[in-house]
A.B. asks: 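Pasting a structure below so you can have a look.
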Amino acid sequence: MQLTLDQLPKELNDMFYALELFLSGMLLTNIFQWTYGKAKRSRSETHWEKWGPVYYVGFAVPTSLAMPLVVVMVYIGDVGYPSTEIWEGDSLLPNTPFGISLYVLKFLGTISFMIGVFQIVDLKNK
């Protein structure tokens, strides 16, 4: 049995969009705080060695949250809808210029987040 997106109740769909924003925001900001605290306690020699991971994770927070925030604002709050649509038709991936740019931004945020976390835990030396 397959269930398409059109068959889901709008309220359920909206709830999952809002949950994605809430949980992502909670996790990203908490990891940013942990990264800042760990960097503050480190005894690295240069400024970039000490604070570089914080910059990477700090960049990742707004860039990773931009797409879920816009989805909630546009599709739940109807802000600017339909001129700010992210998807057209039944596409699973964003297929408008606005949606593609948000998707690329989210991808850059994810890469930046991984680099920052790998650096702060010193993964290359473990």
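Side chains included, hydrogens not; waters and symmetry mates left out as well; all remaining heavy atoms used.
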A.B. asks: Looking at Ser112 and Gly109, would you say the former's side chain and the latter's main chain have a donor-acceptor pair under 3.5 Å?
C.D. replies: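 Answer holds: no.
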
A.B. asks: How far does CZ of Arg43 sit from NZ of Lys50, to the nearest 0.5 angstrom?
C.D. replies: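 One gets 9.0 Å once the value is rounded to the nearest 0.5 Å.
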
A.B. asks: In terms of hydrophobic clusters joined by side-chain contacts under 4.5 Å, are Phe107 and Leu21 together?
C.D. replies: yes

A.B. asks: Among the clusters formed by ILVMFWY side chains lying less than 4.5 Å apart, do Tyr17 and Leu105 turn up in the same one?
C.D. replies: no

A.B. asks: In Å, rounded to the nearest 0.5 Å, how long is the span from CH2 of Trp87 to OH of Tyr75?
C.D. replies: 6.0 Å

A.B. asks: Same cluster for Ile31 and Met114 if Ile/Leu/Val/Met/Phe/Trp/Tyr side chains link at under 4.5 Å?
C.D. replies: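 Same hydrophobic cluster.
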
A.B. asks: Rounded to the nearest 0.5 Å, what separates atom CE in Met67 from atom OG in Ser24?
C.D. replies: 11.5 Å

A.B. asks: Determine whether Phe16 and Leu8 make a side-chain contact, defined as any pair of heavy atoms from C-beta on separated by less than 4.5 Å.
C.D. replies: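 Side-chain contact under 4.5 Å: no.
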
A.B. asks: Any side-chain to backbone donor/acceptor pair from Thr29 onto Met26? Under 3.5 Å, distance only.
C.D. replies: yes

A.B. asks: Can any side-chain N or O of Ser91 pair as donor or acceptor with the backbone N or O of Leu93 at less than 3.5 Å?
C.D. replies: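 Side chain of Ser91 to backbone of Leu93, a donor-acceptor pair under 3.5 Å: yes, one is there.
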
A.B. asks: In terms of heavy-atom contacts, does OH of Tyr103 have more than 12 from other residues, nucleotides or ligands at under 6.0 Å?
C.D. replies: no

A.B. asks: Determine the minimum heavy-atom distance between Leu65 and Gly25, stating which atoms define it.
C.D. replies: CD2-N, 3.5 Å

A.B. asks: Within a radius of less than 6.0 Å around CG of Leu123, do more than 12 heavy atoms belonging to other residues, nucleotides or ligands occur?
C.D. replies: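 Counting other residues, nucleotides and ligands, CG of Leu123 exceeds 12 neighbours.
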
A.B. asks: Determine, using the 4.5 Å side-chain heavy-atom cutoff (strictly less than), whether Trp48 and Phe32 are members of one ILVMFWY cluster.
C.D. replies: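 Both belong to a single hydrophobic cluster.
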
A.B. asks: Is Lys10 atom NZ crowded by more than 12 heavy atoms from other residues, nucleotides or ligands, each under 6.0 Å away?
C.D. replies: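 Atom NZ in Lys10 is packed in, count exceeds 12.
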
A.B. asks: Quick check: closest heavy atoms across Gln119 and Gly52, and the distance to 0.1 Å?
C.D. replies: OE1-C, 4.0 Å

A.B. asks: Testing the basics here: between Gly99 and Ile86, what is the closest heavy-atom pair and its distance to 0.1 Å?
C.D. replies: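 Distance-wise, the nearest heavy atoms are CA-CG2, 3.4 Å.
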
A.B. asks: What pair of heavy atoms forms the shortest contact from Pro68 to Ser64, and how long is it?
C.D. replies: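 Distance-wise, the nearest heavy atoms are CD-O, 3.3 Å.
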
A.B. asks: Using 0.5 Å steps for rounding, measure from the CG atom of Asn13 to the CD1 atom of Ile76.
C.D. replies: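 Asn13 atom CG to Ile76 atom CD1 measures 8.0 Å (nearest 0.5 Å).
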
A.B. asks: Over all heavy atoms of both residues, which pair between Val54 and Ala39 is shortest? Give the atoms and the distance, please.
C.D. replies: CG2-CB, 3.5 Å

A.B. asks: Check Pro94 against Ile100 and note the closest heavy-atom contact, atom names and distance.
C.D. replies: O-CG1, 3.6 Å

A.B. asks: Classify the angle between the aromatic ring planes of Trp51 and Tyr36 as parallel (below 30°), tilted (30 to 60°) or perpendicular (above 60°).
C.D. replies: tilted

A.B. asks: Tell me whether Leu23 is reachable from Val71 by hopping between hydrophobic residues (I, L, V, M, F, W, Y) whose side-chain heavy atoms are closer than 4.5 Å.
C.D. replies: no

A.B. asks: As an exercise, state the distance from CE of Met15 to CG of Leu12, rounded to the nearest 0.5 Å.
C.D. replies: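 The CG atom of Leu12 is 5.0 Å from CE of Met15, to the nearest 0.5 Å.
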
A.B. asks: Treating Thr63 as the side-chain partner and Ala60 as the backbone partner, does any N or O pair qualify as donor plus acceptor under 3.5 Å?
C.D. replies: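 Yes, Thr63 side chain to Ala60 backbone: donor-acceptor pair under 3.5 Å.
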
A.B. asks: Enter the distance from Thr35:OG1 to Gln33:CD here, rounded to the nearest 0.5 Å.
C.D. replies: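 Reported value, rounded in 0.5 Å steps: 10.0 Å.
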
